[in-house]
A.B. asks: 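Before anything else, here's the structure in question.
We name chains A, B, ... by the order of the sequence lines, and we start the count at 1 in each one.
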Amino acid sequence: MSAAPPHPLNPAQREAVRYLDGPCLVLAGAGSGKTRVITHKIAHLVQEAGYAARNIAALTFTNKAAQEMQERVAQLLPKESASGLTVCTFHALGVRIVREEAKALGLKPSFSIMDADDCFGLIQQLCATTDKQLIRRIQTAISLWKNGLVAPDDANHLASDENEAQAARIYRSYNATLSAYQAVDFDDLIRLPAELLQRDDEARTRWQNRLRYLLVDEYQDTNACQYQLLKLIAGPRAAFTAVGDDDQAIYAWRGATLENLRQLQTDFAQLKVVKLEQNYRSSARILQAANSLIANNPKLFEKKLWSEHGMGDAIQISMADSDEHEAESVVIKLQAHKFERRAKFSDYAILYRGNHQARVFEQALRKEKIPYLLSGGQSFFDRAEIRDIIAYLRLLVNQDDDPAFIRAVTTPKRGIGSATLEALGTYAGEREVSLFTALFERGLESRLAARQIELLRTFGEFINRIEWRAQREPAGEVLDELMKALDYEAYLYDGNDDRTAQSKWQNVLDFTTWLKQKGEEDENGKAPTLLQLTQTIALISMLDKQEGEQDAVRLSTLHAAKGLEYPHVFLVGIEEGLLPHKGSEDDDLTLLPTRIEEERRLMYVGITRAQRSLHVSWCKKRKRGRDMAAREASRFIGEMQLGEGQVNAPEEAPMSSKERLSNLKALLNKTM
DNA sequence: CACTCCGGGATTTTT
DNA sequence: TCCCGGAGTG
C-alpha cells in the first residue's frame, strides 16, 4: 500500500481496470498495486464507463483500508463526480442495509450494535457460568456459525457432542436475547442483509439497482456470509471485481474461507481472471525466497512474483541462544545496519507470531534507547471511559438495550447495585420487557424498596429528559451537557489517581470533540443524527490518529503487518512450534485441514513485507518453565531455498557482547 | 473463607 | 504485556 508509483499502469493492471464485460477476479500478488487497480477502476467506471459514483461500492475489511482507498480515489476523481460513492467496510454497508430494511428484519431503526464484550457478557448470562474459556469457545462457535450461514437448528443437528449441542442451544437463545434487546452483533450486520436479500425479491432488486458495480478488496478474507451478500447484490448482472491473493489468506480461523475463491469460478463460468505478478516492493532475492516458500503450498492459481528491482541484499538467517539473546542481537544488528545505511528507525519492522513475543524486544530496544511503536495496542474505543459514554449514547438511542442500561445505570455509582438490578431483571424477565421499561411499571413496586425504586426512576427520568433533547439538538452539545450532569470528570478523579484521571478525561474530551466534528461533516451536507453516529461508532475500533510520522521501529504481529511494507524487516522467533505454531499440524481433529498452509502463508506475508533487506532469526533454546527447552529452526527457513551466497552464515551462539561485536563487524564487511 | 501476590504461559484480530 | 491459577495470609 505504498504511495502511487509514478509509472503508468502495467498491462495486467490496465486489463483489470478496463475489463467490464463480466465478473472479474484480480489475483494481486503482494506489492503488485492492488489498491491502485481498485481506485483506478473506480475512476474508470465513472469517467469512461458512464457509471454514477453513487451506484458503485468498494468494500474493504478495515476502516483503515477504506479510508486509504477513499483518499486515493479523491486524488483521481474530482469531488463532484465522486459524490455518493460508497467506499466502506463490509460491516458499514451492512449497517446501512439493516437500518434501511429494519422493518423487514423486525428491528427498530434505532437498533443497537453489540460489541464482542457485550456479547461475551450476554453468553455468560445465558450459560450461567464463570468459565471464561468456555464462554469464549461458545462465542467463537456462534460467530463461526453465523459467518458460515449455519442457523441454530442446523448447528444443533450438526452437533457431534454434548458441548457443541450446548453451544447450539445457547446460540438459539443468544439470538432471541439480541432480538429482545433490539440489538445485533457484528456478524449479524452481514448475515441479516444476506438473509433478507435472499428471501425478499423486492429488496434484492432495490439494492441491485442501487449498487450496480461492486469492488471487493482482500477477497481471500471473505467468509461464506460475505460472499453470499456479494453474490446477492451483484445479482445476475454479476458486475463486480474481486481483488485478492490466495497466498495471503491468513484469517481462516476467523471464518474466512478460500473456498470463496474456488467457488467464484464455478458460480461464474464467465469469470475473467487477471493476475498481477509484477511486484513493486521488494528486491528480487526477497521475492525468490517468498516464491520458493509458497511453492510448497498446493496452488489454486499459479502465480510467480517478479520485480524489476535488482537482486538486493543477501537475506540473513541467524540463530540465537535464547529469546533474550535474539532480541539483543536483533537490536545490535538493527543499530549497525541503520548506521551503515543512514536509515531511519521507522524503516525497520520487527515481526513475530504472537503478541507476547514483543516483550523481550521492547526491553532490548528500551535498553538501547531506541524509539519503537507497538502495533495493535488497545483500541481507543475499548477504554472504559469511552465505553461508558457509548453506553449512554446507546441507551439514549435504544432504551431496550439492556447491556447499555446496566453499564449506564451503574456508572457513575448512584446507589443502584447488583441486588437491585437482579430484582429488576427478574421482574423484567417475567413481564418480557426491557429493564428500562420495567423500571416505570407499578408492578415493580412490590419487589423493591421504595428507595431503590426512586433511584431507578430518577435515572429513568434523567435519560428521558436527555433523550428529549437529543432528538432536537446536535449530538456533541447534548453529550457535553450529559457529561456535566453526570459530573463524569469528578467521577474519574474520584476513582483514579490524578494522572490517570486526567488522561481518561482527556480521552473523553477527545471523543466528544471527534463526535462533534463527525456531527457536522457529511459529504451530502446533512448532519448525521445521534442514532446514525452511535451506530457508526460501534464499527470503528481505532481512532485513526496513526502516528505514521514518528521515527520509531515498528513492532508488530505478522497478522497486523499485512498490507504494510518496510524497507528492512526482521522476522523473529521463526521456530517450529511458533511458526508453524504448535497445534497447526494437520493430524489433530481440527475443523480446518489446512493449518500448516495458513502458517506458511503467514510466513509468506512476513517475507513480502520487506522492501530491501530481510533478516530471519530463531532461537536454539527458549525459556520454558524453569529451564530452557531446545528449539528447532522452522521448516519454512529451509523452504525459502536460500542458495549459497544468498545467506550469511548463521551467527554462532552463545557469544559475549565483544565477540558479537566483532562478528558483527565481519558481517558488515561481508555485506559491504 | 476470601483476597492478594507471585510465577508461569501465551496464537493470530476486525468489525 | 496480560491473564490465570495456586499458594499463602488475614
A.B. asks: According to a strict under-4.0 Å criterion, is Thr89(A) in side-chain N/O contact with OP1 or OP2 of dT14(B)?
C.D. replies: no
A.B. asks: Any side-chain heavy-atom pair from Phe120(A) and Lys132(A) closer than 4.5 angstrom?
C.D. replies: yes
A.B. asks: Can you check the Arg601(A) CZ to dT12(B) C1' distance for me, whole Å?
C.D. replies: 13 Å
A.B. asks: Test Thr534(A) against every option in Leu393(A), Asp401(A), Leu395(A) by the side chain to side chain contact (heavy atoms under 4.5 Å, CB included) rule and name the one that passes.
C.D. replies: Leu393(A)
A.B. asks: Just how far, in rounded Å, is P of dT13(B) from CZ of Phe381(A)?
C.D. replies: 20 Å
A.B. asks: Can you figure out which of dT15(B), dT13(B), dA10(B) approaches the side chain of His356(A) most closely?
C.D. replies: dA10(B)
A.B. asks: What are the bounds, 5' to 3', of the part of DNA chain C that sits under 4.0 Å from heavy atoms of chain A?
C.D. replies: dT1(C) to dC4(C)
A.B. asks: Thinking salt bridges, do Asp117(A) and Arg387(A) make one under a 4.0 Å N-O criterion?
C.D. replies: yes
A.B. asks: Can you tell me how far P of dT14(B) sits from CG of Asp117(A), to the nearest Å?
C.D. replies: 13 Å
A.B. asks: Counting the atoms with a prime plus P, OP1 and OP2 as sugar-phosphate, which does Asn355(A) contact under 4.0 Å by heavy atoms, base, sugar-phosphate, or nothing?
C.D. replies: sugar-phosphate
A.B. asks: Return the value, rounded to whole Å, for the distance between atom CD of Gln139(A) and atom C1' of dT13(B).
C.D. replies: 12 Å
A.B. asks: In this structure, how many angstroms lie between the P atom of dT15(B) and the NE2 atom of His91(A), rounded?
C.D. replies: 9 Å
A.B. asks: Going by the angle between their ring planes, with limits at 30° and 60°, are Phe90(A) and Phe61(A) parallel, tilted or perpendicular?
C.D. replies: tilted
A.B. asks: Would Glu164(A) and Gln166(A) count as having a side-chain donor-acceptor pair, cut-off 3.5 Å?
C.D. replies: no
A.B. asks: Assign the ring pair Phe381(A) / Phe511(A) to parallel, tilted or perpendicular, where the plane angle (0 to 90°) is split at 30° and 60°.
C.D. replies: perpendicular
A.B. asks: Are Glu599(A) and Met603(A) close enough that some pair of their side-chain heavy atoms sits under 4.5 Å apart?
C.D. replies: no
A.B. asks: Taking atom C1' of dT15(B) as reference, at what distance in whole Å does atom CG of Asp217(A) sit?
C.D. replies: 15 Å
A.B. asks: Does the side-chain ring of Phe61(A) sit on the six-membered ring of the dT14(B) base, less than 5.5 Å centre to centre and under 30° in tilt?
C.D. replies: no
A.B. asks: Rounded off to whole Å, could you give me the CG-to-P distance for the Asp188(A) and dT14(B) pair?
C.D. replies: 20 Å
A.B. asks: How many Å lie between CZ on Arg359(A) and P on dG9(B), as a whole number?
C.D. replies: 13 Å
